[in-house]
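I have placed the structure first, in the form of structure tokens, so that the comments after it can refer back to it.
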Amino acid sequence: MVLQAIQYEPASASSPPTLRILDQLLLPHRTAYEAIANCEEAHAAIKQMKVRGAPAIAIVAALALAVEIGVAAVTGKLATSPDEVREQISQRLDYLKTSRPTAVNLGDAVGKLKIVAKKAALQSGATAGSVAQAYIVAAERMLVDDVSDNKAIGEHGARWIEENTAAGRQRRGDKTCGLQVLTHCNTGSLATAGYGTALGVIRSLKAADMLTRAYCTETRPYNQGSRLTAYELVHDEVPATLITDSMACALLAREGNRLAAIVVGADRVAANGDTANKIGTYSLAVLARHHGVKFLVAAPRTTIDLTTASGKDIVIEERAPEEVTRIKGPKVTVDGEVQVDEAAQVISIAATGIDVWNPAFDVTPAELIDGVITEVGVVEKTAGKFDFQPIFQHPS
Ligand SMILES: CSC[C@H]1O[C@H](OP(=O)(O)O)[C@H](O)[C@@H]1O
């Protein structure tokens, strides 16, 4: 079975494009896709985290508007002038951007897609249809580009680990040596259009026969690790071990330099390299530094936000207390069988009346980050500072 968070069918001669998302609130025990027919449905699915992951959020938002425009075009409900279509696209993108604040990929896509629509509307001979089509083509391209970017991130990351860690060099020279990595949250095919970012590095390490074991943290409270990353690692037959978030310290103390690196994703990398990522990332970076383990952020350039100077300027999303005080899942019978046909059980795991703080992300200071793995190479600090400008001059 292919792990696909997003299923998109382009328009055919007789029918508009269609979009479906894998409802990740039901994973790993139930695989159910949900049709997304318009921007409101996309906004709700992103906000509820039925679909999540910085790249996936941007792609689903962009394609939902492509579906909306495609349906309007085939049903004769598209605005008549090119500038009206441009304005509608701009307004709908601004609405989609309000679904979640921290991941920059959505805002980056909104800005780029607005420019596409504006350029199309300014072209001589522009029509409402040509502006609509220019938008749809650009939105569809995001799906393709993301997978190729992630595979490049995987290769750059795997090679960096092989060349810049003791475990990597040992494994390259002697396949009986162990190379292990730890990852946090979910950054795989379920957070992107496919292959993944940090999980893409793990996939590339495995493909190069470099990896002996991957560790994944459960990543409370949404449990992206135990529900999604563990699901992907089992699916790909990667030797992997799930740990609770609080076990990471003991793991690094036990594994020492057999753990080559901690590799995580990102929701927004500020211009100075401070990185917003899933809550719990900062503590792993401190831990990595204490134990002399490399700490790497894997993210496409669309996650690097040169307009945000540093981590203190990043808006951190705070989510509902119930995500901390309750857990949801199918029943398990006395013999351990998971009853996926049962309606999800919601169980309270906290004292009623307790206050809750539930930030979805934290910010890791650039000083704790050894490298940012992008699709065009690994950026390292020079004289203690990150400079991302050169990778934006990169030809691809
Ligand atoms: C390649 S996904 C990047 C990022 O998104 C995840 O957050 P969420 O599950 O809340 O959307 C997590 O922070 C990943 O590292």
Side-chain angles (χ1 to χ4, degrees), residues 3 5-6 21-25 27 42 45-61 99-109 142 145-147 149-154 157 182-203 216-229 231-232 245 262-269 275-285 295-305 311 314-320 323-324 358-364 369 372-375:
L3 290 172
I6 304 163
I21 58 153
L22 180 57
D23 183 346
Q24 298 190 29
L25 291 171
L27 287 176
I46 292 167
K47 195 165 184 63
Q48 294 164 31
M49 293 179 71
K50 287 183 175 180
V51 60
R52 31 63 54 198
I57 289 170
I59 293 166
V60 165
S99 53
R100 288 185 78 190
T102 303
V104 69
N105 307 56
L106 177 51
D108 177 76
M142 289 174 66
D145 288 352
D146 188 55
V147 177
D149 286 352
N150 293 338
K151 288 183 175 174
I153 287 168
L182 167 68
T183 193
H184 185 57
C185 195
N186 174 258
T187 60
S189 298
L190 297 172
T192 66
Y195 201 75
T197 56
L199 202 46
V201 173
I202 288 174
R203 287 188 160 109
C216 60
T217 58
E218 72 176 332
T219 317
R220 286 273 298 145
Y222 183 95
N223 292 349
Q224 288 94 335
S226 56
R227 295 192 304 110
L228 308 180
T229 296
Y231 181 70
E232 291 202 43
D245 301 321
I262 295 178
V263 192
V264 299
D267 289 84
R268 190 183 297 253
V269 180
T275 295
N277 195 52
K278 186 49 50 196
I279 188 74
T281 301
Y282 179 22
S283 56
L284 291 173
F295 186 84
L296 299 168
V297 169
R301 285 176 293 177
T302 49
T303 306
I304 299 172
D305 176 8
I314 299 175
V315 172
I316 298 297
E317 176 189 13
E318 295 201 10
R319 295 186 62 86
E323 291 185 359
V324 174
N358 181 20
F361 305 99
D362 58 24
V363 176
T364 298
I369 298 171
V372 177
I373 309 164
T374 76
E375 69 276 25

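Just so it is clear, the values below take in all heavy atoms, side chains as well, and ignore hydrogens, waters and symmetry mates. Note that ligands are numbered from 1 as they come in the structure, with each ligand's atoms numbered from 1 the same way.
- Rounding to the nearest 0.5 Å gives a distance of 9.0 Å between CZ of Phe295 and CG of Leu182.
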Legend entry - Glu218 and Arg220: CA distance, side-chain angles, deciding distance, salt bridge (charged side-chain N to carboxylate O under 4.0 Å, His left out) verdict: CA-CA 6 Å; Glu218 72 176 332; Arg220 286 273 298 145; 5.2 Å; no

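- Under 3.5 Å, the side chains of Asn186 and Arg227 contain no donor-acceptor pair of N or O atoms.
- Pro55 and Asp146 get closest at one heavy-atom pair: CB-OD1, 3.6 Å.
- Of the listed residues (Arg52, Lys50, Gln48), just one forms a side-chain hydrogen bond (donor to acceptor under 3.5 Å, both in side chains) with Gln24, and that residue is Arg52.
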Would you list the atom pairs, donor with acceptor, under 3.5 Å between side chains in residues 193-202 and any protein atom, with sequence neighbours excluded?
| residue | atom | partner | partner atom | Å |
| --- | --- | --- | --- | --- |
| Tyr195 | OH | Ser204 | N | 3.3 |
| Tyr195 | OH | Ser204 | OG | 2.6 |

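- Listed by chain and residue number, the protein contacts of ligand 1 are Met49, Arg52, Gly53, Ala54, Pro55, Arg100, Cys185, Asn186, Thr187, Ala191, Thr197, Gln224, Gly265, Ala266, Asp267, Asn277, Lys278, Phe361 (heavy atom within 4.0 angstrom).
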